[in-house]
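Take a look at the structure set out below.
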Amino acid sequence: MAKGLLMTYVLWALGGPVGLHHLYLGRDSHALLWMLTLGGGGLGWLWEFWKLPSFVAQANRVQSWKQRPEEERPPLSLLRFASQIVVGVYFGLVALVSLSSMDNFYIVGLPLAVGLGVLLVAAVGNQTSDFKNTLGAAFLTSPVFYGRPIAILPISLAASITAQKHRRYKASAGSETLSVRLYRVGLAYLAFTGPLAYSTLYNTAATINYVAETLGSFLSWFSFFPFLGRLVESVLLLPCRIWWLLVGGPGFNSSRFQEWEKLYEFVDSFQDEKLQLAHQVLGVPEGATNEEIHRSYRDLVKVWHPDHNRHQTEEAQRHFLEIQAAYEVLSQPKKPRAS
């Protein structure tokens, strides 16, 4: 039955962030992706407003897929490649929170979660990729970074490159009933959210501690890029700030919510720790003027510039980068912190 553009827009407006319009158009992988990411953080959902006519046209010419030669490959899409990396990292972080206690997690659980996230994006629309090769790349990359949360990024990158290398159009398949499709999507949704919900609700304290450690490691990656660090912190704190806006303040009644409030305070205090470290690196007291900060920065740069320390290049390079990062932090306009 032909799909209507008006109905698609109605479903997009009413349940777009959970993929109702994609279910209507038969794009089950896209619908599942939207359910698990709430419409790509809302941005993907809004961006789709201009893409819906092409989605409807594609759904109405499914038969044309049968005419594609098997050797024909879809064009390379940088947007799809970037989305694969991001969703792979997202799946990996969720796995770290909910499944890290399992045996051999970094060998089995983590690469499997990241690889499935990459494959989900690869299967959006009329495209797909090779399941075995993509997961194989994830499993082969995992031992190189065994035991470290940073492993998520190289695993996702390797799996995404492999998925792009083996991209192809989906083979034609017979039509399925809506109940079968919903059953399959529902199982996938529960497989993703079930362990996360259990860890969050019934193992709250341990989950909070692990998330705090992971976030600390994650935020430390941006120590030399203060702007990106502040951006990431804002994104991490956004859900709590929205909640506070809705309930009228930071007071949580449930003990579980109080545990998550502690996590908010941890992330919110990360900027203060960076300011203290920056003052120590430049050797200036808190409350120092911009002139004092600039003078100390200029003097330290002269001392530790790599060109002036060829006998200890590595140590000079490390100090030089620390000085640059500290100066960038302290030279930013000071903003009053929320009480």
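Here the structure is a predicted model, which means the values were calculated and not measured.
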Okay, side chain of K3, backbone of Y24: is any donor-acceptor separation there less than 3.5 Å?
yes

Can you tell me how far CD of Q280 sits from CD of E322, rounded to the nearest 0.5 angstrom?
11.0 Å

Between R80 and Q164, a side-chain donor and acceptor under 3.5 Å
no

Kindly work out whether a path of hydrophobic side-chain contacts (I/L/V/M/F/W/Y, heavy atoms less than 4.5 Å apart) joins L36 to L23.
yes

Minimum heavy-atom separation for L33 and T37, please, with both atom names.
O-OG1, 2.7 Å

The reported gap from NE2 in H294 to CG in D299 (rounded to nearest 0.5 angstrom) is 9.5 Å

Sub-3.5 Å donor-acceptor pair from the side chain of Y9 to the main-chain atoms of F49, do we have one?
yes

Would a distance-only check, ignoring hydrogens and angles, find a side-chain to backbone donor-acceptor pair under 3.5 Å from T141 to I155?
no

Determine, stepwise, if the pair F91 / V118 fulfils side-chain contact (heavy atoms from CB on, under 4.5 Å).
CA-CA 9 Å; F91 272 50; V118 171; over 6 Å; no

How long is the span from the NE2 atom in H319 to the CH2 atom in W304, to the nearest 0.5 Å?
4.0 Å

Once you measure the plane-to-plane angle for F192 and Y90, does it fall in the parallel (<30°), tilted (30-60°) or perpendicular (>60°) bin?
tilted

Aromatic rings Y146 and Y106: how do their planes relate, parallel, tilted or perpendicular, breaks at 30° and 60°?
perpendicular

Provide the closest heavy-atom pair for L32 versus A188 in the form atom of the first, atom of the second, distance.
CD2-CB, 3.6 Å

What is the ring orientation for F55 with H30, classed by angle as parallel under 30°, tilted 30 to 60°, or perpendicular over 60°?
perpendicular

Could you state the interatomic distance from OG (S83) to CG (L120), rounded to the nearest 0.5 Å?
11.0 Å

Find out whether R168 and D130 are in side-chain contact, i.e. whether some heavy atom of one side chain is under 4.5 Å from a heavy atom of the other.
yes

On a heavy-atom basis, which atom in W47 and which in L79 lie closest, and how many Å separate them?
CH2-CD2, 3.9 Å

Is it the case that one hydrophobic cluster holds both L153 and V86, taking links as side-chain heavy atoms less than 4.5 Å apart, direct or via other members?
no

Shared ILVMFWY cluster between Y189 and W45, side chains joined below 4.5 angstrom?
yes

Is there a continuous path of hydrophobic side-chain contacts, each under 4.5 Å between heavy atoms, that joins W34 to V10?
no

Say you draw a straight line from CG of L43 to CG of L38; how long is it, rounded to the nearest 0.5 Å?
12.0 Å

When you look at V185 and M35, which way does the side-chain contact (heavy atoms from CB on, under 4.5 Å) test go after all the steps?
CA-CA 10 Å; V185 171; M35 291 178 189; 3.8 Å; yes

Spatial distance of atom CG (L5) from atom CG (L25) [nearest 0.5 Å]:
9.5 Å

Sub-4.5 Å side-chain heavy-atom contact between H21 and L52:
yes

When you measure from the side chain of S156 to the backbone of I85, do you find a donor-acceptor pair of N or O atoms at a distance under 3.5 Å?
yes

